[in-house]
Amino acid sequence: MTENNKPSAWNRFKTDFKRRISEIKTTRWIRFAIVAAIFIAWVAWLRNWWVILFILLLFDIYITGYIPFTWWKKSKNKALVMVMSWVDAIVYALILVYFVFTFIGQNYQIPSSSLEKTLLTGDYLWVNKMSYGPRVPMTPIHFPLVQNTMPILNTKSYIEWPQWSYHRLEGLGSVKTGDIVVFNFPAGDTVAVRQQNPDYYTLKKIIADELMSKYPDLALQASEMSPEQAESFREQLGKLQIEQNPEVFGEILYRPVDRRENYVKRCVGLPGETLKIVNGDIYINDQKQPWPEEAQFNYIFQMDSPLSDKDWESLDVAVADRRMDQTSGQFIYCSPLTNSKLAQLKQMPGFVSVIREPAPSGEYLFPDKISADWTRADYGPVFIPKKGQTIKLTAENWPMYERVIRNYEYHTDSYVKDGQVYIDGKPADSYTFMMDYYFMMGDNRDNSLDSRYWGFVPEDHIVGKPMRVLISFDPDKGILQGGIRWNRIFKDANSGF
(Lines give C-alpha, C1' and ligand atoms only; values in the text may rest on other atoms or scores of the structure.)
Protein backbone atom coordinates (compact mmCIF):
# COMPACT_ATOMS: atom_id res chain seq x y z
CA MET A 1 0.00 0.00 0.00
CA THR A 2 1.40 3.36 -0.96
CA GLU A 3 1.86 6.23 1.45
CA ASN A 4 -1.16 8.00 -0.02
CA ASN A 5 -3.37 4.92 0.32
CA LYS A 6 -2.75 4.46 4.06
CA PRO A 7 -5.87 5.01 6.21
CA SER A 8 -5.91 8.24 8.21
CA ALA A 9 -5.27 8.26 11.96
CA TRP A 10 -8.96 8.93 12.51
CA ASN A 11 -10.00 5.95 10.40
CA ARG A 12 -7.49 3.72 12.18
CA PHE A 13 -8.91 4.86 15.51
CA LYS A 14 -12.50 4.19 14.37
CA THR A 15 -11.56 0.72 13.16
CA ASP A 16 -9.77 -0.11 16.41
CA PHE A 17 -12.61 1.36 18.49
CA LYS A 18 -15.21 -0.77 16.67
CA ARG A 19 -13.07 -3.85 17.16
CA ARG A 20 -12.73 -3.25 20.90
CA ILE A 21 -16.47 -2.64 21.25
CA SER A 22 -17.34 -5.82 19.32
CA GLU A 23 -15.11 -7.95 21.56
CA ILE A 24 -16.79 -6.89 24.81
CA LYS A 25 -19.00 -9.56 26.38
CA THR A 26 -22.58 -8.80 27.40
CA THR A 27 -21.77 -9.29 31.09
CA ARG A 28 -19.12 -6.58 30.84
CA TRP A 29 -21.70 -4.18 29.37
CA ILE A 30 -24.08 -4.98 32.22
CA ARG A 31 -21.38 -4.27 34.81
CA PHE A 32 -20.57 -0.96 33.12
CA ALA A 33 -24.27 -0.02 32.96
CA ILE A 34 -24.70 -0.64 36.70
CA VAL A 35 -21.56 1.32 37.62
CA ALA A 36 -22.51 4.16 35.24
CA ALA A 37 -26.02 4.40 36.73
CA ILE A 38 -24.60 4.59 40.26
CA PHE A 39 -22.05 7.17 39.13
CA ILE A 40 -24.67 9.36 37.41
CA ALA A 41 -26.92 9.20 40.50
CA TRP A 42 -23.94 10.22 42.64
CA VAL A 43 -23.14 13.16 40.33
CA ALA A 44 -26.77 14.30 40.53
CA TRP A 45 -26.54 14.17 44.34
CA LEU A 46 -23.23 16.04 44.15
CA ARG A 47 -24.86 18.71 41.97
CA ASN A 48 -21.64 19.28 40.06
CA TRP A 49 -22.19 18.16 36.49
CA TRP A 50 -18.57 18.76 35.47
CA VAL A 51 -17.78 15.54 37.31
CA ILE A 52 -19.88 13.62 34.75
CA LEU A 53 -16.86 13.82 32.42
CA PHE A 54 -15.24 11.06 34.50
CA ILE A 55 -17.75 8.65 32.97
CA LEU A 56 -15.37 8.56 30.00
CA LEU A 57 -12.74 7.09 32.31
CA LEU A 58 -15.22 4.45 33.52
CA PHE A 59 -16.09 3.63 29.90
CA ASP A 60 -12.41 3.08 29.13
CA ILE A 61 -11.89 0.95 32.25
CA TYR A 62 -14.85 -1.34 31.50
CA ILE A 63 -15.12 -1.25 27.70
CA THR A 64 -12.36 0.16 25.50
CA GLY A 65 -9.25 -0.34 27.63
CA TYR A 66 -7.04 2.29 26.02
CA ILE A 67 -5.42 3.17 29.34
CA PRO A 68 -3.36 0.09 30.28
CA PHE A 69 -4.35 -0.19 33.94
CA THR A 70 -3.84 -3.99 33.86
CA TRP A 71 -0.62 -4.09 31.82
CA TRP A 72 1.00 -6.26 34.47
CA LYS A 73 -1.39 -9.16 33.84
CA LYS A 74 0.36 -9.86 30.54
CA SER A 75 3.81 -10.06 32.13
CA LYS A 76 5.63 -13.41 32.26
CA ASN A 77 7.31 -12.38 35.52
CA LYS A 78 5.31 -14.23 38.19
CA ALA A 79 6.73 -12.13 41.04
CA LEU A 80 5.67 -8.93 39.28
CA VAL A 81 2.19 -10.30 38.65
CA MET A 82 1.80 -11.30 42.30
CA VAL A 83 3.02 -7.95 43.66
CA MET A 84 0.91 -5.91 41.25
CA SER A 85 -2.17 -8.00 41.97
CA TRP A 86 -1.80 -7.02 45.65
CA VAL A 87 -1.21 -3.38 44.71
CA ASP A 88 -4.27 -3.47 42.45
CA ALA A 89 -6.45 -4.90 45.23
CA ILE A 90 -5.15 -2.37 47.79
CA VAL A 91 -5.73 0.59 45.47
CA TYR A 92 -9.30 -0.52 44.75
CA ALA A 93 -9.90 -1.01 48.49
CA LEU A 94 -8.53 2.44 49.33
CA ILE A 95 -10.69 4.07 46.65
CA LEU A 96 -13.76 2.30 48.04
CA VAL A 97 -12.86 3.29 51.60
CA TYR A 98 -12.31 6.89 50.46
CA PHE A 99 -15.82 7.13 49.02
CA VAL A 100 -17.49 5.30 51.91
CA PHE A 101 -15.71 7.41 54.57
CA THR A 102 -16.38 10.64 52.66
CA PHE A 103 -20.01 10.23 51.66
CA ILE A 104 -21.58 7.50 53.80
CA GLY A 105 -19.91 7.15 57.19
CA GLN A 106 -16.90 5.97 59.13
CA ASN A 107 -15.78 4.56 62.45
CA TYR A 108 -14.71 6.83 65.28
CA GLN A 109 -13.11 6.15 68.67
CA ILE A 110 -14.13 7.90 71.90
CA PRO A 111 -10.76 9.06 73.31
CA SER A 112 -11.88 10.84 76.50
CA SER A 113 -14.53 10.81 79.22
CA SER A 114 -16.31 14.03 78.22
CA LEU A 115 -19.54 12.21 77.22
CA GLU A 116 -19.60 9.60 79.95
CA LYS A 117 -21.75 7.86 80.88
CA THR A 118 -23.65 8.13 77.60
CA LEU A 119 -20.57 7.19 75.58
CA LEU A 120 -17.54 5.62 77.23
CA THR A 121 -13.83 5.96 76.69
CA GLY A 122 -12.92 3.05 74.44
CA ASP A 123 -16.18 3.02 72.48
CA TYR A 124 -15.80 2.62 68.71
CA LEU A 125 -18.70 4.26 66.91
CA TRP A 126 -20.24 4.14 63.46
CA VAL A 127 -20.79 7.76 62.42
CA ASN A 128 -23.46 8.34 59.78
CA LYS A 129 -22.41 11.23 57.51
CA MET A 130 -25.71 11.13 55.62
CA SER A 131 -27.67 12.20 58.72
CA TYR A 132 -26.88 15.88 58.15
CA GLY A 133 -25.61 15.52 54.59
CA PRO A 134 -21.99 14.61 53.81
CA ARG A 135 -19.53 17.38 53.03
CA VAL A 136 -17.81 17.40 49.69
CA PRO A 137 -14.17 17.03 50.81
CA MET A 138 -12.48 20.39 51.21
CA THR A 139 -9.08 18.69 51.13
CA PRO A 140 -9.75 16.07 48.45
CA ILE A 141 -6.25 14.56 48.26
CA HIS A 142 -5.75 12.70 51.53
CA PHE A 143 -5.05 9.19 52.78
CA PRO A 144 -8.47 7.82 53.75
CA LEU A 145 -7.58 5.81 56.85
CA VAL A 146 -6.09 8.58 59.04
CA GLN A 147 -7.29 12.06 59.98
CA ASN A 148 -4.20 14.23 59.55
CA THR A 149 -0.96 12.47 60.47
CA MET A 150 0.53 9.31 58.98
CA PRO A 151 1.44 6.84 61.77
CA ILE A 152 5.12 6.02 62.26
CA LEU A 153 6.14 8.54 59.56
CA ASN A 154 4.59 11.44 61.52
CA THR A 155 4.00 13.38 58.31
CA LYS A 156 0.85 15.02 56.96
CA SER A 157 -1.64 12.53 55.55
CA TYR A 158 -3.01 15.11 53.11
CA ILE A 159 -1.94 17.56 50.44
CA GLU A 160 -3.22 21.09 51.02
CA TRP A 161 -3.73 21.84 47.33
CA PRO A 162 -6.31 21.85 45.88
CA GLN A 163 -8.72 23.28 48.46
CA TRP A 164 -12.43 23.16 47.60
CA SER A 165 -14.97 25.53 49.08
CA TYR A 166 -17.48 24.21 51.61
CA HIS A 167 -20.47 22.40 50.14
CA ARG A 168 -22.79 19.94 51.89
CA LEU A 169 -24.95 17.46 50.03
CA GLU A 170 -28.60 16.76 50.83
CA GLY A 171 -28.93 14.74 54.01
CA LEU A 172 -31.59 12.96 56.02
CA GLY A 173 -32.12 15.81 58.47
CA SER A 174 -30.48 18.62 60.43
CA VAL A 175 -28.77 18.93 63.80
CA LYS A 176 -31.31 19.03 66.64
CA THR A 177 -31.07 19.86 70.31
CA GLY A 178 -29.85 16.79 72.16
CA ASP A 179 -28.09 15.19 69.18
CA ILE A 180 -24.64 13.77 69.82
CA VAL A 181 -22.52 15.11 66.97
CA VAL A 182 -19.05 14.43 65.58
CA PHE A 183 -17.33 17.57 64.29
CA ASN A 184 -13.91 18.92 63.44
CA PHE A 185 -12.43 20.81 66.38
CA PRO A 186 -12.89 24.52 65.53
CA ALA A 187 -9.93 25.74 67.59
CA GLY A 188 -7.80 23.04 65.94
CA ASP A 189 -6.99 25.15 62.90
CA THR A 190 -3.57 25.97 64.38
CA VAL A 191 -1.79 23.39 66.53
CA ALA A 192 1.48 22.92 68.36
CA VAL A 193 1.83 19.28 67.37
CA ARG A 194 3.45 18.07 70.60
CA GLN A 195 0.89 19.72 72.86
CA GLN A 196 -2.57 19.90 71.33
CA ASN A 197 -4.49 19.99 74.62
CA PRO A 198 -5.21 22.73 75.53
CA ASP A 199 -5.61 24.18 72.06
CA TYR A 200 -3.02 26.56 70.60
CA TYR A 201 -5.01 29.71 71.41
CA THR A 202 -5.61 28.79 75.06
CA LEU A 203 -2.02 27.56 75.35
CA LYS A 204 -0.71 30.99 74.32
CA LYS A 205 -2.83 32.64 77.03
CA ILE A 206 -1.72 30.18 79.71
CA ILE A 207 1.96 30.63 78.85
CA ALA A 208 1.67 34.43 78.72
CA ASP A 209 -0.10 34.54 82.10
CA GLU A 210 2.52 32.25 83.63
CA LEU A 211 5.32 34.48 82.33
CA MET A 212 3.67 37.66 83.62
CA SER A 213 3.14 35.98 86.99
CA LYS A 214 6.78 34.88 87.10
CA TYR A 215 8.17 38.18 85.83
CA PRO A 216 6.23 41.15 87.33
CA ASP A 217 7.97 43.59 84.98
CA LEU A 218 6.08 42.02 82.07
CA ALA A 219 2.76 42.43 83.90
CA LEU A 220 3.64 46.05 84.72
CA GLN A 221 4.53 46.68 81.08
CA ALA A 222 1.16 45.30 79.95
CA SER A 223 -0.74 47.35 82.54
CA GLU A 224 0.60 50.57 81.03
CA MET A 225 -0.83 49.73 77.59
CA SER A 226 -4.28 50.25 76.10
CA PRO A 227 -6.56 47.17 76.24
CA GLU A 228 -5.92 46.42 72.55
CA GLN A 229 -2.15 46.79 72.96
CA ALA A 230 -2.13 44.68 76.15
CA GLU A 231 -4.02 41.89 74.40
CA SER A 232 -1.62 41.97 71.44
CA PHE A 233 1.32 41.93 73.87
CA ARG A 234 -0.12 38.90 75.66
CA GLU A 235 -0.72 37.17 72.31
CA GLN A 236 2.84 37.75 71.08
CA LEU A 237 4.36 36.76 74.42
CA GLY A 238 2.74 33.32 74.36
CA LYS A 239 3.36 32.81 70.65
CA LEU A 240 7.06 33.67 70.95
CA GLN A 241 7.53 31.24 73.84
CA ILE A 242 5.97 28.40 71.83
CA GLU A 243 8.02 29.18 68.72
CA GLN A 244 11.29 29.33 70.67
CA ASN A 245 10.74 25.95 72.36
CA PRO A 246 10.02 23.44 69.56
CA GLU A 247 11.43 20.60 71.66
CA VAL A 248 8.52 21.12 74.09
CA PHE A 249 5.70 22.25 71.80
CA GLY A 250 6.74 20.90 68.41
CA GLU A 251 6.04 22.40 65.00
CA ILE A 252 3.17 24.91 64.64
CA LEU A 253 0.85 23.79 61.84
CA TYR A 254 -2.28 25.14 60.20
CA ARG A 255 -4.86 22.46 59.35
CA PRO A 256 -7.73 22.76 56.83
CA VAL A 257 -11.25 22.40 58.23
CA ASP A 258 -11.79 18.73 57.35
CA ARG A 259 -8.31 17.70 58.53
CA ARG A 260 -8.76 19.05 62.05
CA GLU A 261 -9.16 16.60 64.92
CA ASN A 262 -12.56 14.94 65.32
CA TYR A 263 -14.47 15.76 68.51
CA VAL A 264 -17.79 14.39 69.76
CA LYS A 265 -20.19 16.32 72.01
CA ARG A 266 -23.90 16.83 72.52
CA CYS A 267 -25.58 19.78 70.82
CA VAL A 268 -27.25 21.92 73.50
CA GLY A 269 -27.79 25.14 71.53
CA LEU A 270 -28.97 25.77 67.97
CA PRO A 271 -28.41 28.71 65.60
CA GLY A 272 -30.36 31.80 66.62
CA GLU A 273 -30.90 30.67 70.23
CA THR A 274 -29.69 32.41 73.38
CA LEU A 275 -28.01 30.11 75.88
CA LYS A 276 -27.07 30.55 79.50
CA ILE A 277 -26.07 28.17 82.28
CA VAL A 278 -27.20 28.74 85.85
CA ASN A 279 -25.82 26.44 88.56
CA GLY A 280 -25.22 23.75 85.96
CA ASP A 281 -28.68 24.00 84.39
CA ILE A 282 -28.91 25.02 80.73
CA TYR A 283 -31.48 27.61 79.71
CA ILE A 284 -32.37 28.15 76.04
CA ASN A 285 -34.30 31.38 75.40
CA ASP A 286 -34.93 31.46 79.18
CA GLN A 287 -36.48 27.95 79.14
CA LYS A 288 -34.80 25.42 81.45
CA GLN A 289 -33.61 22.32 79.57
CA PRO A 290 -33.72 18.72 80.88
CA TRP A 291 -30.48 17.01 81.78
CA PRO A 292 -29.36 14.10 79.61
CA GLU A 293 -30.23 10.82 81.32
CA GLU A 294 -26.57 9.99 82.02
CA ALA A 295 -25.31 13.52 82.77
CA GLN A 296 -22.57 13.66 85.40
CA PHE A 297 -21.27 16.33 87.76
CA ASN A 298 -18.32 16.31 90.12
CA TYR A 299 -19.11 15.62 93.76
CA ILE A 300 -16.94 15.88 96.86
CA PHE A 301 -17.87 13.20 99.36
CA GLN A 302 -16.59 11.82 102.66
CA MET A 303 -16.54 8.20 103.80
CA ASP A 304 -15.59 6.79 107.20
CA SER A 305 -13.38 4.13 105.55
CA PRO A 306 -11.47 3.92 102.25
CA LEU A 307 -13.26 2.89 99.07
CA SER A 308 -12.14 -0.37 97.50
CA ASP A 309 -11.77 -1.03 93.77
CA LYS A 310 -15.02 -2.96 93.99
CA ASP A 311 -16.75 0.09 95.49
CA TRP A 312 -15.45 2.31 92.69
CA GLU A 313 -16.60 -0.19 90.05
CA SER A 314 -20.07 -0.32 91.59
CA LEU A 315 -20.20 3.48 91.29
CA ASP A 316 -19.05 3.14 87.66
CA VAL A 317 -16.12 5.54 88.13
CA ALA A 318 -13.11 5.07 85.83
CA VAL A 319 -9.65 4.84 87.37
CA ALA A 320 -8.64 8.21 85.90
CA ASP A 321 -11.58 9.91 87.68
CA ARG A 322 -10.89 8.55 91.18
CA ARG A 323 -9.50 11.47 93.19
CA MET A 324 -8.71 11.48 96.89
CA ASP A 325 -7.66 14.31 99.20
CA GLN A 326 -4.27 13.12 100.43
CA THR A 327 -3.70 16.02 102.86
CA SER A 328 -6.67 15.98 105.21
CA GLY A 329 -6.06 12.57 106.79
CA GLN A 330 -9.73 11.77 106.11
CA PHE A 331 -11.36 9.72 103.40
CA ILE A 332 -12.49 12.58 101.19
CA TYR A 333 -12.98 11.93 97.47
CA CYS A 334 -14.00 13.83 94.36
CA SER A 335 -15.44 12.05 91.33
CA PRO A 336 -18.09 12.50 88.63
CA LEU A 337 -21.42 10.80 89.36
CA THR A 338 -24.78 10.49 87.63
CA ASN A 339 -27.97 11.07 89.63
CA SER A 340 -28.51 7.33 90.02
CA LYS A 341 -24.94 6.73 91.22
CA LEU A 342 -25.20 9.68 93.61
CA ALA A 343 -28.26 8.05 95.17
CA GLN A 344 -26.34 4.75 95.36
CA LEU A 345 -23.39 6.48 97.07
CA LYS A 346 -25.67 7.84 99.79
CA GLN A 347 -26.81 4.30 100.57
CA MET A 348 -23.30 2.81 100.82
CA PRO A 349 -21.99 1.71 104.23
CA GLY A 350 -19.62 4.33 105.64
CA PHE A 351 -21.13 7.26 103.76
CA VAL A 352 -20.77 10.53 105.68
CA SER A 353 -21.60 13.52 103.46
CA VAL A 354 -21.56 14.84 99.88
CA ILE A 355 -21.61 18.23 98.16
CA ARG A 356 -21.41 19.36 94.55
CA GLU A 357 -17.89 20.50 93.68
CA PRO A 358 -17.89 24.31 93.29
CA ALA A 359 -16.90 25.53 89.84
CA PRO A 360 -13.44 27.12 90.04
CA SER A 361 -12.91 30.72 89.01
CA GLY A 362 -10.10 31.78 86.73
CA GLU A 363 -10.67 29.08 84.10
CA TYR A 364 -9.85 29.92 80.49
CA LEU A 365 -13.44 30.12 79.32
CA PHE A 366 -14.68 31.43 76.00
CA PRO A 367 -14.38 34.32 75.32
CA ASP A 368 -11.68 35.20 77.83
CA LYS A 369 -11.99 38.98 77.44
CA ILE A 370 -15.61 39.24 78.66
CA SER A 371 -16.07 36.14 80.81
CA ALA A 372 -14.19 37.16 83.97
CA ASP A 373 -17.21 36.47 86.19
CA TRP A 374 -18.37 33.36 84.36
CA THR A 375 -17.68 29.78 85.42
CA ARG A 376 -18.43 26.45 83.79
CA ALA A 377 -21.56 26.22 85.99
CA ASP A 378 -22.71 29.84 85.58
CA TYR A 379 -22.12 30.92 82.01
CA GLY A 380 -23.60 33.39 79.57
CA PRO A 381 -25.93 34.52 78.21
CA VAL A 382 -24.57 34.06 74.67
CA PHE A 383 -26.37 34.44 71.35
CA ILE A 384 -25.54 31.56 68.98
CA PRO A 385 -24.93 32.92 65.45
CA LYS A 386 -27.44 32.03 62.73
CA LYS A 387 -26.98 32.26 58.96
CA GLY A 388 -28.52 35.50 57.67
CA GLN A 389 -28.95 36.96 61.17
CA THR A 390 -27.62 40.50 61.65
CA ILE A 391 -26.30 41.62 65.03
CA LYS A 392 -25.14 44.95 66.37
CA LEU A 393 -21.36 44.95 66.78
CA THR A 394 -19.65 46.79 69.63
CA ALA A 395 -16.25 46.73 71.24
CA GLU A 396 -17.93 44.96 74.18
CA ASN A 397 -19.39 42.00 72.25
CA TRP A 398 -16.57 41.80 69.67
CA PRO A 399 -14.67 39.11 71.67
CA MET A 400 -17.74 36.84 71.43
CA TYR A 401 -17.85 36.97 67.63
CA GLU A 402 -14.26 37.83 66.68
CA ARG A 403 -13.29 34.22 65.96
CA VAL A 404 -16.48 33.62 63.96
CA ILE A 405 -15.86 36.68 61.79
CA ARG A 406 -12.09 36.40 61.39
CA ASN A 407 -11.37 32.65 61.42
CA TYR A 408 -14.54 30.89 60.26
CA GLU A 409 -15.93 33.46 57.81
CA TYR A 410 -12.49 34.69 56.69
CA HIS A 411 -12.75 38.44 57.25
CA THR A 412 -9.16 38.39 58.46
CA ASP A 413 -8.65 42.16 58.38
CA SER A 414 -11.14 42.75 61.20
CA TYR A 415 -10.38 44.18 64.64
CA VAL A 416 -11.23 46.77 67.31
CA LYS A 417 -9.34 50.05 67.50
CA ASP A 418 -10.12 52.91 69.87
CA GLY A 419 -13.49 51.38 70.66
CA GLN A 420 -14.50 51.07 67.01
CA VAL A 421 -15.07 47.71 65.26
CA TYR A 422 -13.55 47.32 61.80
CA ILE A 423 -14.58 44.60 59.31
CA ASP A 424 -12.27 44.16 56.32
CA GLY A 425 -10.49 47.30 57.45
CA LYS A 426 -13.67 49.44 57.34
CA PRO A 427 -15.68 50.77 60.32
CA ALA A 428 -18.72 48.59 61.03
CA ASP A 429 -21.50 48.62 63.62
CA SER A 430 -23.27 45.43 62.49
CA TYR A 431 -22.53 42.05 60.96
CA THR A 432 -24.60 39.42 59.10
CA PHE A 433 -23.50 35.83 59.68
CA MET A 434 -22.70 33.63 56.68
CA MET A 435 -23.12 30.24 58.41
CA ASP A 436 -25.08 28.51 61.15
CA TYR A 437 -23.31 27.74 64.43
CA TYR A 438 -23.90 25.34 67.32
CA PHE A 439 -23.10 25.16 71.03
CA MET A 440 -21.74 21.76 72.07
CA MET A 441 -21.22 20.29 75.56
CA GLY A 442 -20.25 16.97 77.08
CA ASP A 443 -22.55 14.99 79.37
CA ASN A 444 -19.68 14.73 81.87
CA ARG A 445 -20.37 18.37 82.58
CA ASP A 446 -17.51 19.21 84.95
CA ASN A 447 -14.89 17.27 82.98
CA SER A 448 -15.55 18.36 79.41
CA LEU A 449 -13.58 20.81 77.29
CA ASP A 450 -16.42 22.05 75.12
CA SER A 451 -18.02 25.22 73.72
CA ARG A 452 -17.73 26.85 77.13
CA TYR A 453 -13.97 26.83 76.59
CA TRP A 454 -13.48 27.27 72.82
CA GLY A 455 -16.74 28.65 71.47
CA PHE A 456 -19.16 27.93 68.65
CA VAL A 457 -19.02 25.05 66.14
CA PRO A 458 -19.53 26.26 62.54
CA GLU A 459 -21.78 24.24 60.23
CA ASP A 460 -18.87 23.49 57.88
CA HIS A 461 -17.14 21.63 60.74
CA ILE A 462 -20.04 19.17 61.27
CA VAL A 463 -18.99 15.61 60.30
CA GLY A 464 -21.93 13.38 61.17
CA LYS A 465 -24.08 11.65 63.75
CA PRO A 466 -22.94 8.60 65.76
CA MET A 467 -25.44 5.79 65.32
CA ARG A 468 -24.11 2.59 66.92
CA VAL A 469 -21.32 1.40 69.17
CA LEU A 470 -19.42 -1.12 67.04
CA ILE A 471 -17.30 -2.45 69.90
CA SER A 472 -16.10 -1.11 73.24
CA PHE A 473 -12.85 -1.68 75.17
CA ASP A 474 -12.44 -0.80 78.84
CA PRO A 475 -9.06 1.02 79.13
CA ASP A 476 -8.81 -0.01 82.80
CA LYS A 477 -8.90 -3.75 82.05
CA GLY A 478 -7.01 -6.15 79.86
CA ILE A 479 -8.77 -8.17 77.16
CA LEU A 480 -8.61 -11.34 79.25
CA GLN A 481 -9.81 -9.51 82.37
CA GLY A 482 -13.13 -8.42 80.92
CA GLY A 483 -11.74 -5.60 78.80
CA ILE A 484 -14.39 -6.01 76.10
CA ARG A 485 -17.71 -4.45 77.08
CA TRP A 486 -19.95 -7.01 75.35
CA ASN A 487 -23.15 -5.30 76.56
CA ARG A 488 -22.29 -2.17 74.55
CA ILE A 489 -21.86 -3.80 71.12
CA PHE A 490 -24.41 -2.33 68.67
CA LYS A 491 -25.81 -0.13 71.42
CA ASP A 492 -27.55 3.08 70.30
CA ALA A 493 -24.85 5.79 70.30
CA ASN A 494 -27.23 8.76 70.18
CA SER A 495 -29.51 8.25 73.14
CA GLY A 496 -29.96 9.73 76.55
CA PHE A 497 -31.84 12.99 75.98
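Not measured: the values here are computed from a predicted model.
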Enumerate, atom names and distances included, each donor-acceptor pair closer than 3.5 Å involving a side-chain atom of residues 263-275, sequence neighbours excluded.
from : atom 1 : to   : atom 2 : distance (Å)
K265 : NZ     : S114 : OG     : 2.9
K265 : NZ     : S448 : OG     : 3.3
K265 : NZ     : L449 : O      : 3.2
R266 : NE     : D443 : OD1    : 2.9
R266 : NE     : D443 : OD2    : 3.4
R266 : NH1    : G178 : O      : 2.7
R266 : NH2    : D443 : OD2    : 2.8
R266 : NH2    : S495 : O      : 3.2
E273 : OE1    : L270 : N      : 2.8

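In this structure, the side chain to side chain contact (heavy atoms under 4.5 Å, CB included) partners of P162, at least two apart in sequence or on a different chain, are P140, I141, W164. The salt bridge (Lys or Arg N to Asp or Glu O under 4.0 Å) search around D179 returns K465, not counting sequence neighbours. Take R322 and apply the salt bridge (Lys or Arg N to Asp or Glu O under 4.0 Å) test, not counting sequence neighbours, and it matches D309. Evaluation of the side-chain hydrogen bond (donor to acceptor under 3.5 Å, both in side chains) rule for R259 yields no partner, not counting sequence neighbours. Remark: R323 engages E357 in a salt bridge (Lys or Arg N to Asp or Glu O under 4.0 Å) (not counting sequence neighbours). Taking the salt bridge (Lys or Arg N to Asp or Glu O under 4.0 Å) definition, one finds that D460 meets it with nothing, sequence neighbours left out. Among residues two or more places apart in sequence or in another chain, the side-chain hydrogen bond (donor to acceptor under 3.5 Å, both in side chains) test is passed with R445 by none. Residues forming a side-chain hydrogen bond (donor to acceptor under 3.5 Å, both in side chains) with N397 (at least two apart in sequence, or on another chain): T394.
Contacts classified as side chain to side chain donor-acceptor pair (under 3.5 Å) and involving residues 94-107 (residues at least two apart or in different chains) are given here: Q106-K129. Every pair passing salt bridge (charged side-chain N to carboxylate O under 4.0 Å, His left out) that includes a residue from residues 484-497 is listed here, sequence neighbours excluded: D123-R485, D123-R488, D474-R485. Annotation: salt bridge (charged side-chain N to carboxylate O under 4.0 Å, His left out) contacts involving residues 154-173, sequence neighbours excluded, comprise K156-E160.
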